[in-house]
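These notes concern the structure reproduced below.
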2 protein chains.
Amino acid sequence: MRLMPSLPSRCAECLVRDTSLCSAMRDDELHALSDIARRKTFPAGQVVTWSGDPNSLCANIVSGAVKVTASTPDGREQIVGLLYPGDFVGQPFAQDAPLTITAVGETDLCLFPRGPFERTLDEHRAMERKLLERTMESLTDAQNRILALGRKNAVERIASFLLEVSERMGSDEDDSASEIALPISRGEMADYLGLTIETVSRQLTRLRKDGVIALEKGDRSCTILSRERLAAIADPD
Amino acid sequence: MRLMPSLPSRCAECLVRDTSLCSAMRDDELHALSDIARRKTFPAGQVVTWSGDPNSLCANIVSGAVKVTASTPDGREQIVGLLYPGDFVGQPFAQDAPLTITAVGETDLCLFPRGPFERTLDEHRAMERKLLERTMESLTDAQNRILALGRKNAVERIASFLLEVSERMGSDEDDSASEIALPISRGEMADYLGLTIETVSRQLTRLRKDGVIALEKGDRSCTILSRERLAAIADPD
DNA sequence: CGAGGCGTTTGACGCCGGTCAAGCTGGAAT
DNA sequence: ATTCCAGCTTGACCGGCGTCAAACGCCTCG
């Protein structure tokens, strides 16, 4: 009989052990999170938390992606955030959860009940610090999206989006992939970029006809043929 | 000869002692901040920090207001945030300062050099916690603006803005004032709402003609005649 | 194989808001 | 007073993007 390793077994082969909030924890500290965590797989399109639900959940994204959506009372919808593996989901210390969280593609989450998660933050300074830094990064992302929505036209928004996804999807080795597996549908791209499906489709074919990207049809993949030209479109001079 | 009071004298009559980050500090702890702080008054329009400057400053807003702006390389400008008395300005732990901070109207700031400020965060848990909560609130604000910019038309954005200012400007006693002293010019409203000056002006006169608001001309004040109707315009059903 | 449904593409048209331009107002300088 | 100037308002026009509609490709299910 051998001793338990200090790293919780369920965390041992976690894909985001070193990229999520957990990267702020030593192996032996991770039990604090592991003990309150529940792993769950959400099929594509399943809602994790509805707007208006009591704010009871926080989570790490292990694989897949989630969209954070807000909507006007009359039903117009806007994706206010897209989160990827390693990202943190939730609002510790907040009362309400005004936003809807939905899985985009099959998604694995590592769920924490909010109360115990907050207590873990209390006890693990480094994790709270990391959460603060992550939250500030999210704010910066949001500010970039505000610039895009307020001042960029359709092509520019789409070009920016493709570059953004390319960077986030780039595997750890090569930083930015040229062939992107778009995580979301045309309709979701529209909801993310403040456009309509038709405009997204038209501008994508425009980029294709101009030889900037290639689209394999029926598939959601997109290849960047000239990153340089795409960047020039995203941030014109 | 009497003992020094535990509250630093310069903080004794500070207008935001109990609303800024400082509200997380006991009187006797405030010396840690007071010792590194420098009060400075910025005239209207003066830039506090340029985009691209080294990220060396954090601050509390004591009076006035600041705008946080981003811009595209070709010069289109967007206000990504408006901050009021009691709000915190800056990005501790971040490398660069990609945004420009500008005083809007005469503004008093309580400035902290970033390094020492970060050390103060290290030593004062409660303040770091408060900063985390504030940052999450800012993120929520930003998400609301993303919804507005992505999915609302001109009148709706302006109505939302007026209500927003009315709530933030409402003195402590009555929560939301009906007569608003608009903190910014038409041009800045345009930059904030992703519109042009002309559109802002037209939609404001439209609201005036419809009897929803009154505008005293020459002055930057605006009176909400029917908060109910304004709210119905901001979030149509 | 064919039927049906979903996501996407493409087209025709109209409107909201941007652009350009002119006039208006009030305050500061002279 | 007169001039000047910055900020605001108003008007005429136009183009980008939304709206409505139809067709296409791909998948699943009968």
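So you know, we letter chains A, B, ... as the sequences are listed, proteins then strands, and number each from 1. What you are looking at is a predicted structure, and each value in this text was computed from that prediction instead of being measured.
A donor-acceptor contact shorter than 3.5 Å links the side chain of Arg114(B) to the backbone of Ala94(B). A distance-only check finds a donor-acceptor pair linking the side chain of Arg10(B) to the backbone of Ala37(B) [under 3.5 Å]. Judged by distance alone, with hydrogens and angles left aside, the side-chain atoms of Asp87(B) form a donor-acceptor pair with the main-chain N or O of Tyr84(B) at under 3.5 Å.
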N/O-N/O pairs, protein side and nucleotides 20-27 of chain C side, under 3.5 Å:
unit_1: dC20(C); atom_1: N4; unit_2: Glu198(B); atom_2: OE2; d: 3.1

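The six-membered or imidazole ring of Phe117(B) lies near that of Phe88(B), with a centre-to-centre distance under 6.0 Å.
Screening residues 42-63 of chain B for side chain to side chain donor-acceptor pair (under 3.5 Å) gives no qualifying pairs among residues at least two apart or on separate chains. For residues 63-84 of chain A, the set of pairs meeting the salt bridge (Lys or Arg N to Asp or Glu O under 4.0 Å) definition, not counting sequence neighbours, comprises Lys67(A)-Glu188(A), Asp74(A)-Arg76(A), Arg76(A)-Glu156(B).
The side chain of Thr199(B) places no N or O atom within less than 4.0 Å of a non-bridging phosphate oxygen (OP1 or OP2) of dG17(C). Taking only side-chain nitrogens and oxygens, Thr205(A) never comes nearer than 4.0 Å to OP1 or OP2 of dT9(C).
The distance between atom CD1 of Ile184(B) and atom C1' of dC8(D), rounded to the nearest whole Å, is 15 Å. Atom-to-atom, CD of Glu216(B) to P of dT9(D) comes out at 12 Å; the value is rounded to the nearest Å. A straight line from CZ of Arg220(A) to P of dG7(C) spans 8 Å, rounded to a whole angstrom. Between the CG atom of Leu204(A) and the P atom of dT10(C) there is a distance of 11 Å, rounded to whole Å. The separation between Glu188(B) atom CD and dG7(D) atom C1' is 11 Å, rounded to whole Å. Summarising the geometry, the separation between CZ on Arg151(A) and P on dG16(D) is reported as 17 Å, rounded to the nearest angstrom. Rounded to a whole Å, the NZ atom of Lys152(A) is 18 Å from the P atom of dG16(D). Between Gln203(A) atom CD and dG15(D) atom P the separation is 16 Å, expressed in whole Å.
Residue contacts shown for Arg76(A) are absent, as no nucleic acid heavy atom lies under 4.0 Å away. Among the protein residues, Ser185(A) comes within range of the sugar-phosphate backbone only, with heavy atoms under 4.0 Å from sugar or phosphate atoms but none that close to a base. Heavy atoms of Ile197(A) sit under 4.0 angstrom from at least one base atom.
Geometrically, Arg145(A) engages Tyr192(A) in a cation-pi contact defined by less than 6.0 Å to the ring centre and at most 45° from the axis.
Comparing dG17(C), dT10(C), dC17(D) by their closest approach to the side chain of Arg208(A) singles out dT10(C).
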